[in-house]
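Take a look at the structure below.
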Amino acid sequence: MSKRLAEVARKVGVSEATVSRVLNEKPGVSEATRQTVLTALDVLGYERPTKLRGERARLVGLFLPELNNPIFPAFGEVVGGALAQNGYTPVLCTQSAGGISEAEYVELLIQQQVSGVVFVGGQYTQQNAPHEHFARLSDLNLPTVLVNAPIAGLGFATVSTDDAVAAEQAIAHLHQLGHTRIGLLLGPADHIPSLRKLAAARRVADFLSLAFDDDQIVQSRYSLEAGQAGASRLLAAGVTAILCASDPLALGAIRAVRRAGLRVPQDISVIGFDDSALMNAIDPPLTTVRQPIEPMGRMVIELLVAQISGADMVSDEFLFEPELVVRASTGPAPSPASTRKVT
């Protein structure tokens, strides 16, 4: 306690006695000083005494890692609408190059006394990213729900699409079409959902007597441009089909196929992941693995509201079954005589 008093006193620029009077609700402290001391407690990560916590604002932080990939605004719409129906106002937190960091957003939300936080993707999905701000949320017992597979040990309720099932569905579909040399275009090497897809793809390949050589696996950033570059490497390796970890990656792959003078799906089949907006309107319409965002969004709100209402925080991961949506970007494997290797 004495260490806490001294640290808060230094932060605010008052005496330890003043901090003690605030914490014990003693007279002789101005309202401005009282609020400054309480804010310092929050910023330094100390939990307020129960009698001083007050009612949290009916605000919920909603983290979307980016807006360029349509799946994240789609999740944001579902979760944000459900929050409003339950009487909460979402506070949108998005990432941009050179902008506010996740950790800085977390501190701002804590200062605003938000009722909870929802992350739809973010640094918790990457092994090599900073994670200290998640420990901060845990220490404060702030209701928090994650969407998408996290690193181990964070201890938050999580709602995920089953990445293993997604990979199994896609590879089984390509195998049925006669493809034996399949390329994988995944996210970064430390990205947990991509690692799950890769592990499942290897298991299915062993079962189906397929092989995934090193040149058939590309791990990159999540963007159309990265998809094009990665797909070009896979084409040079002689694949006849490309399974992508997002729809933007798949769009980049289709661009790479066309710039190589090949056709989708006659020469190369392409599968995406998400079934984000307008994937049925591109040329050719994209075969993709659909994330069930509506039921996932409802589960997110159920878990969050339960925590806000005082239920014990759970650390379970709730896995939702994806659905393979077959469209025109996949077709039978080309005959060996017609297969072309791009160099």
Report yes or no: do [X] and [Y] belong to one cluster of Ile/Leu/Val/Met/Phe/Trp/Tyr joined by side chain heavy-atom distances under 4.5 Å?
{"X": "L174", "Y": "V239", "result": "no"}
{"X": "I217", "Y": "I242", "result": "no"}
{"X": "L251", "Y": "L262", "result": "yes"}
{"X": "L108", "Y": "L142", "result": "yes"}
{"X": "F63", "Y": "V91", "result": "yes"}

To the nearest 0.5 Å, what is the distance between [atom1] ([X]) and [atom2] ([Y])?
{"X": "L249", "Y": "I254", "atom1": "CG", "atom2": "CD1", "result": "11.5 Å"}
{"X": "E102", "Y": "H131", "atom1": "CD", "atom2": "NE2", "result": "8.5 Å"}
{"X": "D163", "Y": "L186", "atom1": "CG", "atom2": "CG", "result": "10.0 Å"}
{"X": "S160", "Y": "N148", "atom1": "OG", "atom2": "CG", "result": "6.0 Å"}
{"X": "L208", "Y": "H179", "atom1": "CG", "atom2": "NE2", "result": "13.5 Å"}
{"X": "T33", "Y": "R21", "atom1": "OG1", "atom2": "CZ", "result": "9.5 Å"}

Would you say that [X] contacts [Y] through its side chain, given a criterion of any heavy-atom pair below 4.5 Å between the two side chains?
{"X": "T158", "Y": "V145", "value": "no"}
{"X": "I171", "Y": "F212", "value": "yes"}
{"X": "P193", "Y": "T125", "value": "yes"}
{"X": "E107", "Y": "R136", "value": "yes"}
{"X": "I268", "Y": "L235", "value": "yes"}
{"X": "Q127", "Y": "L195", "value": "yes"}
{"X": "D267", "Y": "V257", "value": "no"}
{"X": "P292", "Y": "T161", "value": "yes"}

Does atom CG of D214 have more than 12 heavy-atom neighbours, drawn from other residues, nucleotides or ligands, at distances under 6.0 Å?
-> no
For atom CZ of R221, decide whether the heavy atoms of other residues, nucleotides or ligands shown that lie under 6.0 angstrom number more than 12.
-> no
[X] side-chain N/O to [Y] backbone N/O, donor-acceptor pair under 3.5 Å:
{"X": "D162", "Y": "F320", "answer": "no"}
{"X": "Q228", "Y": "R255", "answer": "no"}
{"X": "T18", "Y": "V14", "answer": "no"}
{"X": "E323", "Y": "V289", "answer": "no"}
{"X": "S138", "Y": "F134", "answer": "no"}
{"X": "S194", "Y": "G187", "answer": "yes"}
{"X": "Q216", "Y": "I182", "answer": "yes"}
{"X": "Q291", "Y": "F273", "answer": "no"}

Minimum heavy-atom distance between [X] and [Y], given as atom pair plus value:
{"X": "C93", "Y": "L109", "value": "SG-CD1, 4.1 Å"}
{"X": "G331", "Y": "P265", "value": "N-CB, 3.6 Å"}
{"X": "L184", "Y": "A201", "value": "CD1-CB, 3.8 Å"}
{"X": "S115", "Y": "R58", "value": "OG-CA, 3.9 Å"}
{"X": "A157", "Y": "Q307", "value": "CB-NE2, 4.0 Å"}
{"X": "A250", "Y": "C244", "value": "CA-SG, 3.5 Å"}

Test side chain to side chain donor-acceptor pair (under 3.5 Å), reference R327, set D275, T288, N280, output is D275
Set of residues satisfying salt bridge (Lys or Arg N to Asp or Glu O under 4.0 Å) with respect to D213, sequence neighbours excluded = R181
Compute whether any side-chain donor of one residue and acceptor of the other, for T94 and Y105, lie under 3.5 angstrom apart.
-> no
Indicate whether any N or O donor in one side chain lies under 3.5 Å from an N or O acceptor in the other, for T287 and T330.
-> yes
Residues V117, V106; criterion side-chain contact (heavy atoms from CB on, under 4.5 Å); working and verdict = CA-CA 9 Å; V117 184; V106 166; 5.9 Å; no
Could you list the donor-acceptor pairs under 3.5 angstrom formed between side-chain atoms of residues 66-88 and any protein atom two or more places apart in sequence or on another chain?
residue : atom : partner : partner atom : Å
E66     : OE1  : N69     : N            : 3.3
N69     : OD1  : I71     : N            : 3.2
N86     : ND2  : A82     : O            : 2.8

Might you work through the side-chain contact (heavy atoms from CB on, under 4.5 Å) test for S220 and L185, ending with a clear yes or no?
-> CA-CA 8 Å; S220 68; L185 185 50; 4.2 Å; yes
Charged N-O contact under 4.0 Å between [X] and [Y]:
{"X": "K11", "Y": "E16", "answer": "no"}
{"X": "R290", "Y": "D247", "answer": "no"}
{"X": "E7", "Y": "R10", "answer": "no"}

Stepwise, does the side-chain contact (heavy atoms from CB on, under 4.5 Å) test hold for I192 with Q126?
-> CA-CA 6 Å; I192 301 301; Q126 294 182 261; over 6 Å; no
Anything under 30° is parallel, anything over 60° is perpendicular, the rest tilted; go ahead and classify H133 against F119.
-> tilted
Show me the donor-acceptor pairs, under 3.5 Å and distance only, between side chains in residues 294-303 and residues at least two apart or in other chains.
none

